[in-house]
2 protein chains.
Amino acid sequence: MPTTCLTGRHDKHDVYAEQCPCRGVLDLLANKWTALAIGALEDGPQRFGALQRRLEGVSPKVLTQTLRRLEEAGFVDRTVYPAVPLHVEYALTELGAGVAEPLRGLRSWVERHLDELLG
Amino acid sequence: MPTTCLTGRHDKHDVYAEQCPCRGVLDLLANKWTALAIGALEDGPQRFGALQRRLEGVSPKVLTQTLRRLEEAGFVDRTVYPAVPLHVEYALTELGAGVAEPLRGLRSWVERHLDELLG
DNA sequence: GGCACCTACTTTCTTTTGGAAAGCATGGAG
DNA sequence: CTCCATGCTTTCCAAAAGAAAGTAGGTGCC
């Protein structure tokens with residue numbers, strides 16, 4: 001009997017179950033730009049332009065999409081400062097800070113073991 | 001001065017650097033199906049059909065692609081048993097077992113915190 | 001006024017990837 | 001022979017990623 005996980009919140013959640021909302025969350029988090037963006041925000045709130053420079057090679061479209069999805073899911077807060085010049089700051093929420101830890105684990109594993117992969 | 005990370009293996013690797021081979025590896029690992037497949041293989045070597053049933057909703061094409069990429073990168077071993085009936089077993093390599101840990105961290109974070117995300 | 005510049009996007013277009021459905025090859029069993 | 005099982009591959013379509021250019025609100029310069 002496979003573990004079931006319907007949308008109700010009293011079930012035990014299972015990322016392997018197709019209908020579990022876990023799936024959508026995993027799909028959002030298990031993503032290159034998400035892992036990099038959340039990692040960048042661990043250093044503190046950052047503006048759009050700073051993130052764009054840090055995540056080398058990201059296009060503004062994809063960065064906007066990534067940040068909006070993270071905001072919608074509750075991992076990131078977006079604050080507009082209407083001061084001159086206008087700017088926007090992105091910061092991790094408490095949940096975002098929580099998920100930053102496993103993501104940092106993944107990023108640092110890659111950096112630590114790249115030589116073995118290339119060798 | 002941004003951290004540089006060219007293809008040579010004497011540099012310090014940086015997932016934020018566009019030209020670092022880290023990027024390709026992160027892109028492979030930071031993926032829904034990769035995270036689920038490697039997690040499934042933590043229970044021991046598994047056959048194609050078993051993985052397909054476990055990763056609910058994966059199509060055979062995408063599962064094949066995922067497993068082949070993981071094999072090419074050195075995370076998974078693919079063994080064909082020409083016995084009757086023919087079957088194929090996928091198993092984690094040492095590297096695969098290593099990366100399974102941070103990926104498990106991510107999966108289990110999602111399962112543990114889903115209620116907060118939905119609430 | 002008119003033009004350049006800044007920030008933060010949005011739009012458009014092309015390429016790449018993902019996903020559903022069906023087909024194929026091999027080798028039994030009946 | 002047909003039917004089934006495993007492990008894919010092929011085909012087709014839709015969704016997403018990526019590159020390039022454009023937009024919009026406001027400041028400052030001359």
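Remember, predicted model here, so these are calculated numbers, not experimental data. What you see below is based on every heavy atom in this structure, not just the backbone, and it leaves out hydrogens, waters and symmetry mates.
- In this structure, the NZ atom of B:Lys61 is 12 Å from the C1' atom of C:dA21, given to the nearest Å.
- Taking atom NE2 on B:His87 and atom P on D:dG7, their separation rounds to 7 Å, with Å as the unit.
- Within the 4.0 Å cut-off from OP1 or OP2 of D:dA5, not a single side-chain nitrogen or oxygen of B:Arg47 is found.
- A parallel orientation is assigned to the rings of A:His87 and A:Tyr81, their planes being inclined by less than 30° (bins at 30° and 60°).
- Side-chain contact between A:Arg107 and A:Leu36 is present, with heavy atoms from C-beta onward closer than 4.5 Å.
- Closest approach of B:Cys22 to B:His13, counting heavy atoms only: SG-CB, 3.5 Å.
- The interatomic distance linking B:Leu86 (CG) with C:dG27 (C1') rounds to 9 Å, in whole Å.
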Go through it in stages, so that I can follow the logic: the residues are A:Val99 and B:Val110, the test is side chain to side chain contact (heavy atoms under 4.5 Å, CB included), and I'd like the CA-CA distance, side-chain angles, deciding distance and then a yes or no. CA-CA 8 Å; A:Val99 84; B:Val110 172; 5.8 Å; no
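- Between A:Thr34 and A:Leu28, the shortest heavy-atom distance links the atoms OG1-O, 2.9 Å.
- Put simply, OH on B:Tyr81 is 19 Å from P on C:dG27, counting in whole angstrom units.
- With DNA chain D read from its 5' end, the first of the two nearest nucleotides for B:Pro60 and A:Gly57 is the one closest to B:Pro60.
- Residue contacts for A:Gln65: at a heavy-atom cut-off of 4.0 Å it reaches the sugar-phosphate backbone alone, with no base atom in range.
- Comparing D:dA17, D:dC8, C:dT10 against the side chain of B:Phe48 picks out D:dC8 as the nearest.
- Going from atom CG of B:Leu55 over to atom P of C:dG19 covers 11 Å, rounded to whole Å.
- Side-chain N/O atoms of B:Arg68 include none lying less than 4.0 angstrom from OP1 or OP2 on D:dG7.
- Distance CD (A:Gln52) to C1' (D:dA20): 13 Å, rounded to an integer number of Å.
- Using a 4.0 Å cut-off on heavy atoms, none of the residues of residues 25-38 of chain A approach DNA chain C.
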Could you please spell out the steps behind the side chain to side chain contact (heavy atoms under 4.5 Å, CB included) verdict for B:Arg68 and B:Arg78? CA-CA 9 Å; B:Arg68 289 280 157 75; B:Arg78 180 176 182 268; 2.9 Å; yes
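- A:Tyr90 comes within contact range of the sugar-phosphate backbone alone, with a heavy-atom separation under 4.0 Å but no base atom that close.
- Using a 4.0 Å heavy-atom cutoff across all strands shown, B:Arg53 reaches no nucleic acid atom at all.
- Look at CG on B:Leu67: it is 11 Å from C1' on D:dG7, rounded to the nearest Å.
- Heavy-atom minimum distance, A:Gly105 versus A:Arg112: O-NH2, 4.4 Å.
- For A:Leu51 and C:dA8, the CG to C1' distance is 12 Å, given to the nearest whole Å.
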